[in-house]
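In what follows, a single structure is set out as structure tokens and then discussed.
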Amino acid sequence: MASLADRVRGNGRIAAGLLFNLLVSICIVFLNKWIYVHHGFPNISLTLVHFMVTWLGLYICQKLNIFAPKTLPPTKLLLLALSFCGFVVFTNLSLQNNTIGTYQLAKAMTTPVIIAIQTFCYQKSFSTRIKLTLIPITLGVILNSYYDVKFNFLGMVFAALGVLVTSLYQVWVGAKQHELQVNSMQLLYYQAPMSSAMLLVVVPFFEPVFGEGGIFGPWSPSALLMVLLSGVIAFMVNLSIYWIIGNTSPVTYNMFGHFKFCITLCGGYVLFKDPLSINQGLGILCTLFGILAYTHFKLSEQEGSKSKLVQRP
């Protein structure tokens, strides 16, 4: 009974983590899109604010003894910090240059890329029925893509780069947590300032620093409040991503991301009047079917593995 209670509590924590990530992830998309559309705040500078607020939030957490910092070799984190920069910058550029629907559509394609990376680089195998669940998801994505006529070339370049870097980043997060024996907060605590320093060097080459349109430009109080709020929510998103990947897997996180895709697409239609045709609605239903099928098969395989361990002498 004790083991059953522990398992129920564990599943409850994972469900709560996924729900929290769902809420803050949807909120950050709409808030960032609002900042880009109504205030024109520069993209890389906004990402820099996100990283700095994330580091400040983690600093406060460790001072409150929520977690204990662990000394890590910087060389072990360089690629992770760099991919973190690319992950956030390219996905934000995709959001800035595409509709919310197209932005979410591109993010949905990270699942097959992650499966390919883990299959060819980490020799991880996936069952046939898990792979087959990608079919309805891909069909749903294609259906949405076909009826979304607001593509632009630059936006699609950013979206493609975002998919590639995001996939690498999420795989590396899980691998680094196991390699360095650290939890999500410990890893992010050292990675966030490194990523901030990288962007601090990059910003002057791509965006103005002072004056109109610069990070230290004459922004209105409402714009500054929105940017600060975006940074706080980004901290919550980053923390929940690390926690979910560390406690489940990159594929599970991304399959859950498809569900967020459907909800965010509907929200984009309501808030920003993005087109949502009947055919796009069918694509959403097709994607949801794939998510439900994946969840069912994944849980069945996990229960089967546990049963084999229990039966083994």
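- If you take CG on Leu187 and CG on Leu80, they are separated by 5.5 Å, rounding to the nearest 0.5 Å.
- Residues Gln62 and Gln186 are not in side-chain contact: their nearest non-hydrogen atoms beyond the backbone lie 4.5 Å or more apart.
- Shown here are the ring-ring contact (aromatic ring centres under 6.0 Å, His included) partners of Phe51, two or more places apart in sequence or in another chain: Phe84.
- Grouped by direct or indirect side-chain proximity (heavy atoms under 4.5 Å, Ile/Leu/Val/Met/Phe/Trp/Tyr only), Leu132 sits with Ile135, Leu139.
- Distance check: Tyr169 OH to Leu82 CG gives 12.0 Å after rounding to the nearest 0.5 Å.
- In this structure, CZ in Phe235 is found 4.0 Å from SG in Cys61, a value given to the nearest 0.5 Å.
- Minimum interatomic distance between Ser167 and Thr110 (heavy atoms only, all atoms of both residues): OG-O, 3.5 Å.
- Every pair passing side-chain hydrogen bond (donor to acceptor under 3.5 Å, both in side chains) that includes a residue from residues 79-92 is listed here, sequence neighbours excluded: Thr47-Asn92.
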* Let me see the working for Asn32 and His50 under side-chain contact (heavy atoms from CB on, under 4.5 Å), right down to the final yes or no. => CA-CA 11 Å; Asn32 284 354; His50 287 179; 3.7 Å; yes
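- In this structure, Glu207 contributes its side chain and Ile44 its backbone to a donor-acceptor pair below 3.5 Å.
- Remark: the backbone N or O of Ile130 is paired with a side-chain donor or acceptor of Thr133 at under 3.5 angstrom.
- Under a hydrophobic-cluster definition in which Ile, Leu, Val, Met, Phe, Trp and Tyr are linked whenever side-chain heavy atoms come within less than 4.5 Å, directly or via other members, Phe210 and Val202 are assigned to the same cluster.
- The OG atom of Ser125 sits 10.5 Å away from the CD atom of Gln118 when rounded to the nearest 0.5 Å.
- A distance-only check finds a donor-acceptor pair linking the side chain of Lys33 to the backbone of Leu95 [under 3.5 Å].
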* Let me see the working for Ile26 and Leu22 under side-chain contact (heavy atoms from CB on, under 4.5 Å), right down to the final yes or no. => CA-CA 6 Å; Ile26 291 174; Leu22 171 68; 3.6 Å; yes
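- Listed for the Lys176 side chain is no donor-acceptor partner under 3.5 Å among the backbone atoms of Val182.
- There is no path of hydrophobic side-chain contacts, each under 4.5 Å, that joins Leu31 to Leu225.
- If you take OG on Ser94 and CE on Met156, they are separated by 7.5 Å, rounding to the nearest 0.5 Å.
- Val201 and Phe90 fall into different hydrophobic clusters, where Ile, Leu, Val, Met, Phe, Trp and Tyr residues are linked whenever their side-chain heavy atoms come under 4.5 Å apart, directly or through other members.
- Ser240 places a side-chain N or O within donor-acceptor distance of the main-chain N or O of Val237, the cut-off being under 3.5 Å.
- The distance from the CG atom of Leu282 to the CD1 atom of Ile278 is 7.5 Å, given to the nearest 0.5 Å.
- With a 4.5 Å cut-off between side-chain heavy atoms of Ile, Leu, Val, Met, Phe, Trp and Tyr, the cluster of Phe289 takes in none.
- The nearest pair of heavy atoms linking Ala234 to Ile28 is N-CD1, 3.8 Å.
- Between the side chain of Ser230 and the backbone N or O of Met226, no donor-acceptor pair lies under 3.5 Å.
- Screening residues 52-61 for side-chain hydrogen bond (donor to acceptor under 3.5 Å, both in side chains), with sequence neighbours left out, gives Thr54-Asn238.
- Looking only at distances, no side-chain donor or acceptor of Gln96 sits under 3.5 Å from a matching main-chain atom of Tyr36.
- More than 12 heavy atoms of other shown residues, nucleotides or ligands fall within 6.0 angstrom of atom CE in Met194.
- Among all heavy-atom pairs drawn from Thr166 and Gly162, the shortest one is OG1-O, 2.5 Å.
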* To do: Apply side-chain contact (heavy atoms from CB on, under 4.5 Å) to Val89 and Leu199, showing your working.
  => CA-CA 10 Å; Val89 169; Leu199 287 186; 4.1 Å; yes
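- Closest approach of Ser195 to Cys85, counting heavy atoms only: O-SG, 3.5 Å.
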Under 3.5 Å, which donor-acceptor pairs do the side chains of residues 64-75 form with other protein atoms, sequence neighbours left out?
{"from": "Lys70", "atom 1": "NZ", "to": "Leu180", "atom 2": "O", "distance (Å)": "3.1"}
{"from": "Lys70", "atom 1": "NZ", "to": "Gln181", "atom 2": "O", "distance (Å)": "2.9"}

* **Residues His39, Ser222; criterion side-chain contact (heavy atoms from CB on, under 4.5 Å); working and verdict** => CA-CA 9 Å; His39 298 291; Ser222 62; 3.7 Å; yes
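- Clustering ILVMFWY residues whenever any of their side-chain heavy atoms sit less than 4.5 angstrom apart, transitively, puts Leu134 in a cluster other than the one holding Phe120.
- Linking ILVMFWY residues whenever their side-chain heavy atoms come closer than 4.5 Å, directly or via other members, places Val53 and Phe216 in the same cluster.
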